[in-house]
Amino acid sequence: METFQALLARKVAEALKAAGLPEAGGVTQATDARFGDYQSNAALILAKQLSENPRNIAQKILVVLDLSGLCEPPTIAGAGFINFTLRNEAIAAQTAKLLRDERLGVARAETQKRIVIDFGSPNVAKPMHVGHIRSTVLGDALARIASFLGHEVIRDNHIGDWGTQFGMVIYGWKNLLDRAALERDPIAELVRIYKETNEKATSDPKVREAVREELVKLQAGAPENFSIWKETVDLSMKEFERAYQMLDIHYDIQRGESFYSDRLPAVVERLLKSGIAEISEGAVCVFFRDIPELAEKPAIIRKSDGGFNYTTTDIATVDYRIQDLKADTVWLVVGAPQILHFKQIIAIARREGYTADFRHITFGSILGEDRKLMKTRSGENVPLRDLLDEAIQRARKIIEEKNPDLSESEKIDIAEKVGIGAVKYYDLSQYRMTDYIFSWDRMLSFQGNTAPYLQNAYVRIRSIFRKAGEEFTATRELNLTDAAEKNLALKLCQFAETVPTVVNDFRPNLLANYLYELANAFHTFYEACPVLKSEEPLRSSRLALCELTGRVLAKGLDLLGIKVPEKM
RNA sequence: GCGCUCAUAGCUCAGCCGGAUAGAGCAUCGGAUUUCUAAUCCGACGGUCGGAGGUUCGAGUCCUCCUGGGCGCGCCA
């Protein structure tokens, strides 16, 4: 089904053609309710090209524009805006259609893509911390949305499970490991032995040399070192799984850096052979002399000691994703500090002849109340596990206060949905590039653009249906007499206009903003329009609006990876 | 030094292809509940959109320069 926006845009385009005018932009939602529901700026755009009075052009368009049944007669306003106000009957009819549409009006993308989404990427032997929230939550939301839009999505967790830090870990394991501590809290013990080894290595050259040897042995496949490595990976993966379970994150594949390790020599050989890489100061490098911003920034793909680094790994990763996974699109949801690195990787991919669409999707940082990178009091990264536990705990406390009569199992369920939802929504509702200040009070507030506010709107709807105690059957006729009803219905119709915009520039916050406006429109409707106490046919009509609002809220939040409780 | 990025109300943040008088929430002040969750709603107050130029009929949005913050820049990832 076609959205109002698409329908009006098509009608305007037809009118332009009929009036002998060139194409000129689309139709947008009105910037202000005073100007109606939608607007076209075609006349203003054409005025420039044709050097003619925009209002005259608007008039010419209106003469051939037939919107009977859909809109009130369009008006020309201001400098030459054409304003459209939808007829209530048209909104009612569209809303009734949405009730019978599983996709809630959202069209599938015209061209289906095969998209590998690289997000999360925690490091083995290190705890997940706040720094992982944005990549994980953003990547997951984008995956859900792209998938809903009909793309074939492969979610890949590019785990940091290979690299020089394993020299430290293995040395520490052999010399400093406390088995009992490892049983109790594996990651904490791995971090401890890593840190202590690191300290010893900085002060003692002999340790430094021993660490290096352990790494070389690992890379050469020495059985003991390999099995230690394997065990640390397994322990870490278990830890990651716990976090992913709490966050409801699922991966299709988890190809760590180690997966690519045996492909690295061939990568370097190939690049040398094709002349893309060359030897410089004993290392194998790729220079980008023709790309001004990279001209002074060569990429090293084999160190002078013969070792490979993460650039080599990422080139191998590109190979795998394009050739084995057959991706035509790759989204890298990785922090901004790696911009230069990925520019190099993408430039190399281009030289190798890959035409896939690579997007490095960056994001800002999470700050503490002091406006500096969020840390614990002792200056450490805040462990993700602690943060999620605290979110649930705080949500639980609020629920206890507001609704103490709920059963224990309900409280557990609600606290989890509200707490985790609040953390995710707080992240996703803000523009991804800006740094944001982490605040429990704000994210768990029931007022404003927060998960609890949206969840509460859903809960109010469920409450109505519980009270009604009847099976919902969609009416075919909606009555939109009250302004609050029209406003709500129109918002519901606009879900389909909003969802696709998210992937244009990878901005889930556009969807979040929409859901907030929808919830707000619903609350206003809820205050103004009694549902169960109203007379038929109004009662059925209002129930239908509630039903649809509930479905859109649940689906919208689901696309952001957030669950809705039935009560709260 | 070069590159990327951010700067909008007292605070926290929206503002997608440039469109009309820049919007929310919090805070402050004032209203609304015999009512389906007041966990809400309605209203008031509050802004030279960091600064200066430029492009345009029109700039928070695009371009240039400047100021300030964050991040990155040859063998860590």
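Numbers restart at 1 for each chain; the letters A, B, ... are given by sequence-line order, proteins then strands.
If you check every strand for non-hydrogen atoms under 4.0 Å, A:A77 touches a base. Within 4.0 Å of A:N509, counting heavy atoms only, lie sugar-phosphate atoms of the nucleic acid but no base atom. A:T28 comes within 4.0 angstrom of a nucleotide base, judged by non-hydrogen atoms across all strands. Using a 4.0 Å heavy-atom criterion, one finds that A:K567 contacts the bases of the nucleic acid, with or without backbone contacts as well. At a threshold of 4.0 angstrom between heavy atoms, the contacts of A:F525 with the nucleic acid are absent. Contact annotation for A:T31: base contact, defined as any heavy-atom pair under 4.0 Å involving a base atom. A:F465 comes within 4.0 angstrom of no nucleic acid atom, judged by non-hydrogen atoms across all strands. When heavy atoms are screened at a 4.0 angstrom cut-off, A:L532 is found touching base atoms of the nucleic acid. A:N83 comes within contact range of at least one nucleobase, with a heavy-atom separation under 4.0 Å.
Side-chain N/O atoms of A:Q447 include none lying less than 4.0 angstrom from OP1 or OP2 on B:rA39.
Between A:Y310 and A:H341, a ring centre-to-centre spacing shorter than 6.0 Å is recorded. Aromatic ring centroids of A:F259 and A:Y320 lie under 6.0 Å apart.
Comparing the P positions of B:rG1 and B:rU48 gives an interatomic distance of 32 Å, to the nearest angstrom.
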Subject >> Base-contact (B) and sugar-phosphate-only (S) positions in nucleotides 70-77 of chain B, heavy-atom cut-off under 4.0 Å, - elsewhere >> reply: -SSBBBSB
Original post:
How does protein contact run along nucleotides 56-64 of chain B, one letter per nucleotide 5' to 3', with B for base contact, S for sugar-phosphate only, - for none, heavy atoms under 4.0 Å?
Top reply: SBB------
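Around atom CD of A:E23, no more than 12 heavy atoms belonging to other residues, nucleotides or ligands sit under 6.0 Å away.
The pair A:R34-A:D32 meets the salt-bridge criterion, with a side-chain N (NZ, NE, NH1 or NH2) lying under 4.0 Å from an Asp/Glu carboxylate O.
A donor-acceptor contact under 3.5 angstrom links the side-chain atoms of A:Q39 to the base of B:rA20. At a cut-off of 3.5 angstrom, counting only N and O atoms as typed in the model, there is no donor on one side facing an acceptor on the other between the side-chain of A:N41 and the base of B:rA20.
Nucleotide B:rG1: paired with B:rC73 (Watson-Crick or G-U wobble, both distances less than 3.5 Å). Pair assignment for B:rU40 gives B:rA32, based on Watson-Crick or G-U wobble hydrogen-bonding distances that are each under 3.5 Å.
In terms of heavy-atom proximity, A:P452 sits nearest to A:V418 at CG-CG1, 4.1 Å.
Residue A:R442 contributes atom CZ, which lies 11 Å from atom P of B:rA27 at whole-angstrom precision. Rounded to whole Å, atom C1' of B:rU8 lies 21 Å from atom OH of A:Y436. Rounded to a whole Å, the CG atom of A:D32 is 14 Å from the P atom of B:rG19.
In this entry the base of B:rC17 is syn relative to its sugar, with a glycosidic angle within 90° of 0.
With RNA chain B read from its 5' end, the first of the two nearest nucleotides for A:K402 and A:M433 is the one closest to A:M433.
Centre separation under 5.5 Å together with a plane angle under 30° holds for the ring of A:F81 and the six-membered base ring of B:rA20, marking them as stacked.
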